[in-house]
Participant: 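First the structure, which I've put down as structure tokens, then a few questions once you've had a look.
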Amino acid sequence: MAETQAQMTTTKVALTWGEEQVLSRKTVLDDIIGSDDGCTYIIKHTRKGKAPLIIEKYGNDMSLKKSVPIMLGEKEEKRVYQHATQIDGALILFSSVLDNKSKVNSLYAQTINKETLYPSSKLTKIGAIEFDGKSKRNSGSFTYTISNDEKRILIYYNLPYEKDENEKFFYHIFDKDLNLLWEKNVTLPYENDLFVVVDYDIQENGDLYLLSKIFKEKAKERRKGKPNYHYQILAYTDKGESKKEYPVVLEGKFLTDMKIAINQEGDIICGGFYSDNGTMSINGSYFLKIDESTKSIVSKSFKEFGIDFITQNMTDKNKKKTKKREEKGKDVELYQYDLDDIVLKDDGGAVLVGEQYYVRVVTTTDTQGNIRTTYHYYYNDIIVISIDPDGQIEWTEKIAKRQHTINDGGFFSSYALAIFEDKMNFIFNDNAKNLATSKMTKGKAKGVIYDFTKRFKSSVAVLVQLDSDGRQVKEALFNAKDAELLIRPKVAEQISDQEMVIYGQKRKTERFGKITFK
């Protein structure tokens, strides 16, 4: 187990807050869409009002420079906001029009002027889905992915389907000027509900790699106690003219999660979790390197978590229970972990990052027969797995985190990740009692980790810095009560090698901040 230190105030970053702003209940931050020299651009959507969108520009000190309400066409056009992003320095706004008379769902793109913040009057049609004979519910949907160098964008959509039909896709890849680089209409030899796309990777030359799950007969992850799917990678190269399939099947291992990346040599990198029991739990991690031309696995490694890792961050009482289960020969695994990312290292290795996430639904009925349903959202420990340049798993580490909120979708939960030099920086909301000082831990049961529950008085934003050897240091960024806000880690964005933009809010106010790593 790697050494963990805990301190009260970080000196590893500089934090700059912009001014406090009034937050309308009708307005929600959608995304931080881009940045350039000293400026950050964000987009909000409104629940009500004449303008469905607001685009804003913030300066280097995170002060608001400009805020512009955006209309999406005339009322009769009924254009709907889809997505906004930055491609090779250009801000692009995507919107769609669903015409129920002509049975066509059309996708449009506009560049956003960084000075005025208004979208260009030039509306470029970049995709259309015909759903003749289908309902609006079966009119297709659009998905977007940016290439690794952020110079190309993939527009991908499912075509409308009939029951028992094979899966149909359409791919378009564009540059920042919305020039079409290539497109491909694909019909796969799998029924619609038996093929699920899990991950994408777009290369600088426009090559596209898809990671998918392929189910047998029915879209269930287990049938008769055995795995009912396998992973497969599809590669479309030479502007979509060439296609290769890479089945990923490892005997004796139930691969529960997988992410892919392409290294500088063109090898396909796969990593994730495996289980001995099923899809709800994990027992270890794996790493594969596949030769792009021969399709062979050139290196692979597996690492079982082990009882010490599994019980890390448990209370002493739960540790004893878990170890007794193992001693009796019962299966002991980690439950409800999702693989979030695979990060390639400069030395040819990689890092896997995952998080425990689950939802518990509680339904109660009062004496009058009224039914009430409560949703409990849990975002807990973070797992980090480091792989060396030879493809061997060198260490695994677990970052302690307990976040439990109710009926909010985990609005202030989860974490933000920024990579600076050889360190990974995890930022999230925590309970202040989890910072190790004698005053705060007085009366604390041994091994207890306190929940973050959105209470300002007991909340703190923390920085956990993990070095290349798996050693972690946990420090406070700021106290939520003093700052009068909670951060939303899911919308934070690393905008440069050394900077990350974060967003915080409290009831009727909001602020943007910039973290500069030292």
Participant: For Ser413, which of Gln403, Lys401, Lys454, Glu355 qualifies under side-chain contact (heavy atoms from CB on, under 4.5 Å)?
Facilitator: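 One option only clears the test, and that one is Gln403.
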
Participant: Is atom NZ of Lys490 surrounded by more than 12 heavy atoms (other residues, nucleotides or ligands) closer than 6.0 Å?
Facilitator: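 Yes - once you tally the heavy atoms of other residues, nucleotides and ligands closer than 6.0 Å, there are more than 12.
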
Participant: With side chain to side chain contact (heavy atoms under 4.5 Å, CB included) as the criterion, how do Ile502 and Leu15 come out once you've worked through the C-alpha distance, each side chain's angles and the decisive distance to 0.1 Å?
Facilitator: CA-CA 10 Å; Ile502 60 175; Leu15 176 57; 4.0 Å; yes

Participant: Measure from the side-chain N and O atoms of Lys398 to the backbone N and O of Gln312, and report whether any donor-acceptor pair falls under 3.5 Å.
Facilitator: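 Yes.
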
Participant: When you measure from the side chain of Asn434 to the backbone of Tyr450, do you find a donor-acceptor pair of N or O atoms at a distance under 3.5 Å?
Facilitator: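 Indeed, once roles are kept as given, a pair shorter than 3.5 Å links the two residues.
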
Participant: Looking at Ser35, is its backbone amide N or carbonyl O close enough to the side chain of Gln86 to form a donor-acceptor pair, meaning the two atoms are under 3.5 Å apart?
Facilitator: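 Side chain of Gln86 to backbone of Ser35, a donor-acceptor pair under 3.5 Å: yes, one is there.
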
Participant: Do Asn429 and Tyr415 have side-chain atoms, one donor and one acceptor, less than 3.5 Å apart?
Facilitator: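 No, because no side-chain N or O of Asn429 sits under 3.5 Å from a partner of the opposite role on Tyr415.
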
Participant: Decide, yes or no, whether a salt bridge links Glu204 with Arg152 under the criterion of side-chain N to carboxylate O below 4.0 Å.
Facilitator: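 Salt bridge: no.
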
Participant: Is any side-chain N of the basic residue among Lys151 and Asp149 closer than 4.0 Å to the acidic one's carboxylate O?
Facilitator: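 No, this pair does not count.
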
Participant: As an exercise, state the distance from OG of Ser281 to CG of Asn283, rounded to the nearest 0.5 Å.
Facilitator: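 Nearest 0.5 Å value for the OG-CG distance: 7.5 Å.
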
Participant: Could you report the tightest heavy-atom contact between Phe517 and Glu499, atom names first, then the distance?
Facilitator: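 Taking every non-hydrogen atom into account, CD1-N, 4.4 Å.
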
Participant: Would you compute the distance between atom CD1 of Ile297 and atom OG1 of Thr294 and round it to the nearest 0.5 angstrom?
Facilitator: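 Going from the CD1 atom of Ile297 to the OG1 atom of Thr294 covers 10.0 Å.
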
Participant: Can you tell which of Phe169, Tyr156, Tyr157, Phe94 makes a ring pair (Phe, Tyr, Trp, His ring centres under 6.0 Å) with Phe142?
Facilitator: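 Considering Phe169, Tyr156, Tyr157, Phe94, a ring pair (Phe, Tyr, Trp, His ring centres under 6.0 Å) with Phe142 is found only for Tyr157.
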
Participant: Got a sec: does the CG of Asp346 have more than 12 other heavy atoms crowding it under 6.0 Å?
Facilitator: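 Check fails, neighbour count at 12 or below.
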
Participant: For Lys320, does the NZ atom sit with more than 12 other heavy atoms under 6.0 Å from it, leaving out its own atoms?
Facilitator: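 No, the 6.0 Å shell around NZ holds no more than 12 heavy atoms from other groups.
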
Participant: Between Leu466 and Val464, is a side chain to side chain contact (heavy atoms under 4.5 Å, CB included) present by the stated rule, with each step listed?
Facilitator: CA-CA 6 Å; Leu466 198 65; Val464 177; 5.6 Å; no

Participant: Is the shortest side-chain heavy-atom distance between Lys518 and Val13 below 4.5 Å?
Facilitator: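 Side chain of Lys518 against side chain of Val13, heavy atoms only: no contact under 4.5 Å found.
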
Participant: Applying the side-chain contact (heavy atoms from CB on, under 4.5 Å) test to Leu352, which of Val384, Ile387, Asp257, Val343 qualifies?
Facilitator: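 Running side-chain contact (heavy atoms from CB on, under 4.5 Å) over Val384, Ile387, Asp257, Val343 with Leu352 returns exactly one hit, Ile387.
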
Participant: Would you tabulate the side-chain donor-acceptor contacts of residues 231-239 under 3.5 Å, counting partners in other chains and residues two or more places apart, or write 'none'?
Facilitator:
unit_1: Tyr231; atom_1: OH; unit_2: Thr256; atom_2: O; d: 3.2
unit_1: Gln232; atom_1: NE2; unit_2: Tyr190; atom_2: OH; d: 3.0
unit_1: Asp238; atom_1: OD2; unit_2: Ser242; atom_2: OG; d: 2.8

Participant: Would you give the length of the straight line joining atom SG of Cys270 to atom CD1 of Ile342, rounded to the nearest 0.5 angstrom?
Facilitator: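 Here the rounded value is 7.5 Å.
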
Participant: Determine whether a donor-acceptor pair (N or O, by modelled atom type, separation under 3.5 Å) exists between the side chain of Tyr246 and the backbone of Glu292.
Facilitator: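 Answer holds: yes.
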
Participant: Given side chains that start at C-beta, do those of Phe420 and Gln498 come closer than 4.5 Å, heavy atoms only?
Facilitator: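 Yes, their side chains come closer than 4.5 Å.
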
Participant: Can you tell whether the side chains of Glu327 and Arg325 come within less than 4.0 Å, N to carboxylate O?
Facilitator: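 Looking at Glu327 and Arg325, the cut-off is not met.
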
Participant: So how far is it from Glu333 CD to Glu326 CD, rounded to the nearest 0.5 Å?
Facilitator: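 Spacing of CD (Glu333) from CD (Glu326) equals 11.5 Å.
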
Participant: Which heavy atom of Ile310 sits nearest to which heavy atom of Val332, and what is that distance?
Facilitator: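 Heavy-atom minimum between the residues: CD1-O, 3.4 Å.
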
Participant: Got a sec: does the CG of Asp347 have more than 12 other heavy atoms crowding it under 6.0 Å?
Facilitator: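 For Asp347, atom CG is crowded (more than 12 foreign heavy atoms under 6.0 Å).
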
Participant: Using a strict 4.0 Å threshold on nitrogen-to-oxygen distance, state whether Arg402 and Asp381 make a salt bridge.
Facilitator: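 Salt bridge flag = yes for Asp381 with Arg402.
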
Participant: Under 30°, 30 to 60°, or over 60°: which ring-plane class applies to His83 and Tyr144, parallel, tilted or perpendicular?
Facilitator: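 Taking Tyr144 first and then His83, their aromatic rings lie parallel (interplane angle under 30°).
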
Participant: What's the spacing between Leu107 CG and Gln82 CD if we round to 0.5 Å?
Facilitator: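 The CG atom of Leu107 sits 6.0 Å away from the CD atom of Gln82.
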
Participant: Taking atom NZ of Lys295 as the centre, report whether more than 12 heavy atoms of other residues, nucleotides or ligands fall under 6.0 Å from it.
Facilitator: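 Atom NZ in Lys295 is crowded, with more than 12 foreign heavy atoms closer than 6.0 Å.
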
Participant: Okay, side chain of Ser296, backbone of Val298: is any donor-acceptor separation there less than 3.5 Å?
Facilitator: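 No; judged by distance alone, with no hydrogens or angles, the pair does not exist.
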
Participant: Any chance NZ of Lys321 has more than 12 other-residue heavy atoms, nucleotides or ligands included, within less than 6.0 Å?
Facilitator: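 It does not: Lys321 NZ has 12 such atoms or fewer within range.
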
Participant: In terms of ring plane angle, is the pair Tyr337 and Phe273 parallel, tilted or perpendicular, where the classes change at 30° and 60°?
Facilitator: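 Perpendicular.
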
Participant: Could you check Lys345 against Asp388 for salt bridge (Lys or Arg N to Asp or Glu O under 4.0 Å), going step by step and ending with a plain yes or no?
Facilitator: CA-CA 9 Å; Lys345 297 192 288 188; Asp388 68 20; over 6 Å; no

Participant: Starting at CG of Leu344, measure out to CG of Asn263 and round the result to the nearest 0.5 Å.
Facilitator: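 Separation between the atoms: 6.5 Å.
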
Participant: Checking side-chain contact (heavy atoms from CB on, under 4.5 Å) against Val353, which of Ile385, Ile399, Ile382 comes through?
Facilitator: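 Of Ile385, Ile399, Ile382, side-chain contact (heavy atoms from CB on, under 4.5 Å) with Val353 is met by Ile382 alone.
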
